[in-house]
Amino acid sequence: MSAPDNNKPAAKPKADAPAAKAPAGGGAAVIRRIDGTEESAHERLVKKHVPAWVVSGAVHLVIALVLFFLFGGKQGEVIASTKVLDTTAEKEQEDPQKDLTNEDPGLESNIASAVPELDRIAEKTVDDIVTSDPIGVPDTRMEDSVALKTPGLIADDKAGGTAGDTGVAMSGTGGELGAVAATGFVGRSGATKSQLLRAGGGNEASERAVALGLAWLSRQQKPNGSWVFDGNSSGDTIAATGMALLPFLAAGETHKTGKKYQQTVDRGLKYLLSQQRSDGGFNGAGITMYSHGIASIALNEAYGMTKDRNMLLRPAQAATNFIVAKQAPDGSWGYSPGSPGDTSIVGWQVQALKAGILSKDIVVPDACINNAIKFLDKVSSGSYKDVYGYTGPNGAPATPLTAVGLLCRYYISKWGPGNVGLARGVEGLMKRPPIKAPAKAEMYYYYYATQVVHFADGPEWKDWNEGVMKNGKREGGMRDWLIGLQEKKDGPTMGSWESDGAIIGGSCGRVGTTSLALLTLEVYYRHLPLYKRENAGGLKVLDGVK
């Protein structure tokens, strides 16, 4: 992928019976006794069990003698057979035992939730809800949650609050993500997903578009599990596979559980693992830190969603370690590992690092994060650092680089709702809102900008997502605009988005454009918000970031 100019980056989860009522008329209840003589507890025990023991012993003795005469000296087999019968007889008298198996040894079921409101919603994420909720259709049985409504911006220049360090152990044994997913990923399935979808402004039409897009994207997967960009970067199968996997993961599809695309995700992840070196990097033509960052997001999110330690923890940690080791002294990442880079490449690495942090198990050193923040300081401008350039402070509002910088600030600088820099940045992004006129969407800008405006959690989000009011109705919102641009005619391109002809389209073609369009329509539930407002008006860190 070629380097962009200063304002355009490269692509890259028996009640007790009531008490007996007294007879009518107030008479005392009568307990009839069959036997006139009361038995002791010992006598009852003997009467109950001795016959069974006698019969069982006699039967075992007969069986043992028969087996002895039939098989001669094979006493060991006789004893084993008798022992099996004894065990079976004992189990018939025992109460059934609960299955106490913990499939994920790293997650304890008694860990207190850092997000109690969402935890209560996610308790409803059980098999009967999840499996009956097809991809692309929200669960209409769940009611909206007041806790998830957009409260609007507050006037504050800091994202306050105390960071925690625990994940969420979701109750219930349902499939999907309920039992093991880390906090930041539990919104991708079941009841929690439905709540976030409605609260954020998604609808059935947007989910149908997601379903169509995933179906098209799955058809583009190669037999070896990879995807190939149909743009200038066709040789970079690592970036293509990582980018294509992300919309499936965002929809709650994993290699462990899935409604439709479990095998698709499994093959894609295994392709990435097959190309990973011992140092955590990836093999392949045209591999850059762009490619590595995108693939690392997919590995880290897949691990965070499944906690599959056997298959993913070591590779995900290795990929993360590679990012840490190849950071340049100024805190950036360049095309070549270890070389100084730009805001665009930094954006992909920060997303990968954040996915690792959200998993709760992947280690990301504080020094790496602090150095990345120093780079953001270096390329930012404005009184509140709300504008970002390519390699220096020469940026402008409403550009892809500013959107990238603001999302990085939200993820690693703790710029939550109400932070002045984030609020000012959103004001700038709103100068270039989604509109209906263009026939193609510049997905690199809108992918980042949509996340920033969504996470800023202010009144601008409704205008951005659903459109501004004109003649009594909303027009020009990102949601409906993207839905309108999707290919809907029967044929090989149905469900995809035409190459945007800009940064992503030129390098990544229809595959890349469709992947980012899907992620933009999945913004409602892909990541839980990291911050929420306290009753006193402050902010609380929800995910336990350092």
Side-chain angles (χ1 to χ4, degrees), residues 115 117-122 124-125 133 135-154 177 181 183-211 213-214 246-247 249-252 301 358 403 406-407 410-411 416-418 422-423 426 429-430 433-434 446-469 474 476-483 516-533 539 542-543:
V115 198
E117 295 90 348
L118 293 175
D119 194 15
R120 285 194 293 272
I121 295 169
K124 301 174 183 177
T125 305
D133 177 20
I135 292 177
V137 180
D139 185 351
T140 56
R141 292 170 291 179
M142 306 307 300
E143 297 179 356
D144 287 347
S145 169
V146 175
L148 297 174
K149 296 295 185 184
T150 302
L153 248 103
I154 60 175
L177 315 182
T183 311
F185 306 106
V186 297
R188 299 183 176 195
S189 70
T192 314
K193 177 180 179 180
S194 297
Q195 294 280 28
L196 292 169
L197 179 69
R198 289 190 185 81
N203 57 21
E204 292 189 13
S206 66
E207 285 294 271
R208 280 194 296 271
V210 169
L214 292 178
L246 293 179
L249 294 170
E301 287 194 3
L358 288 172
L406 291 171
L407 184 64
Y410 176 81
Y411 277 150
L422 187 62
V426 169
L429 298 179
M430 293 302 294
Y446 287 119
Y447 164 74
Y448 276 105
T450 298
Q451 292 182 82
V452 172
V453 182
H454 175 66
F455 288 137
D457 201 20
E460 295 88 351
W461 172 244
K462 196 171 186 69
D463 290 344
W464 181 275
N465 182 59
E466 300 179 39
V468 297
M469 293 297 296
R474 291 188 175 274
M478 172 59 70
R479 182 193 66 197
D480 296 341
W481 182 42
L482 273 183
I483 294 172
L516 294 195
L518 287 171
L519 290 170
T520 303
L521 287 175
E522 294 168 323
V523 71
Y524 315 107
Y525 46 77
R526 183 187 176 199
H527 291 300
L528 296 184
L530 304 184
Y531 313 97
K532 72 180 289 291
R533 288 168 181 40
L539 290 172
L542 294 183
D543 75 323

Are the charged groups of Asp480 and Arg474 less than 4.0 angstrom apart, N to O? no
Find the distance between CG (Leu246) and CG (Leu518) and round it off to the nearest 0.5 Å. 11.0 Å
Tyr524 OH to Thr450 OG1 distance, which is reported to the nearest 0.5 Å: 8.5 Å
Between Pro433 and Asp463, is any pair of side-chain heavy atoms under 4.5 Å apart? no
Quick check for you: to the nearest 0.5 Å, what is the distance between Leu196 atom CG and Arg188 atom CZ? 11.5 Å
Closest non-hydrogen atom pair between Val452 and Ala403, with its separation: CG2-O, 3.5 Å
Looking only at heavy atoms, what is the nearest atom pair of Leu422 and Gly416, with distance? CD2-O, 3.6 Å
Quick one, Pro529 and Asp457 - any side-chain contact, counting heavy atoms below 4.5 Å? no
Sub-4.5 Å side-chain heavy-atom contact between His454 and Glu460: no
Which atoms form the tightest heavy-atom contact between Leu519 and Ala250, and what is the distance? CD2-CB, 4.1 Å
Could you walk me through whether Thr192 and Tyr525 pass the side chain to side chain contact (heavy atoms under 4.5 Å, CB included) check? CA-CA 8 Å; Thr192 314; Tyr525 46 77; over 6 Å; no
Testing the basics here: between Ala517 and Leu482, what is the closest heavy-atom pair and its distance to 0.1 Å? O-CD1, 3.9 Å
Find the distance between OG1 (Thr520) and OH (Tyr446) and round it off to the nearest 0.5 Å. 11.0 Å
So that I can tick it off, tell me whether Glu522 and Arg526 are bridged by a salt bridge, with the cut-off set at under 4.0 angstrom between side-chain N and carboxylate O. no
Spacing of CG belonging to Asn465 relative to CZ belonging to Arg479, to within rounding of 0.5 Å: 5.5 Å
Only counting residues at least two apart or in another chain, list the ones meeting ring pair (Phe, Tyr, Trp, His ring centres under 6.0 Å) with Tyr410. Phe455, Tyr531
Atom pair OH/CG of Tyr448 and Leu516 - distance to nearest 0.5 Å: 8.5 Å
Please give me the minimum heavy-atom distance between Ala456 and Pro417, naming the atom from each residue. O-CB, 3.4 Å
Does Trp461 reach the main-chain N or O of Glu466 with its side chain, forming a donor-acceptor pair under 3.5 Å? no
Apply salt bridge (Lys or Arg N to Asp or Glu O under 4.0 Å) to the pair Glu207 and Lys193, showing each step before the final yes or no. CA-CA 11 Å; Glu207 285 294 271; Lys193 177 180 179 180; 3.6 Å; yes
Does some side-chain heavy atom of Leu530 sit less than 4.5 Å from a side-chain heavy atom of Leu358? yes
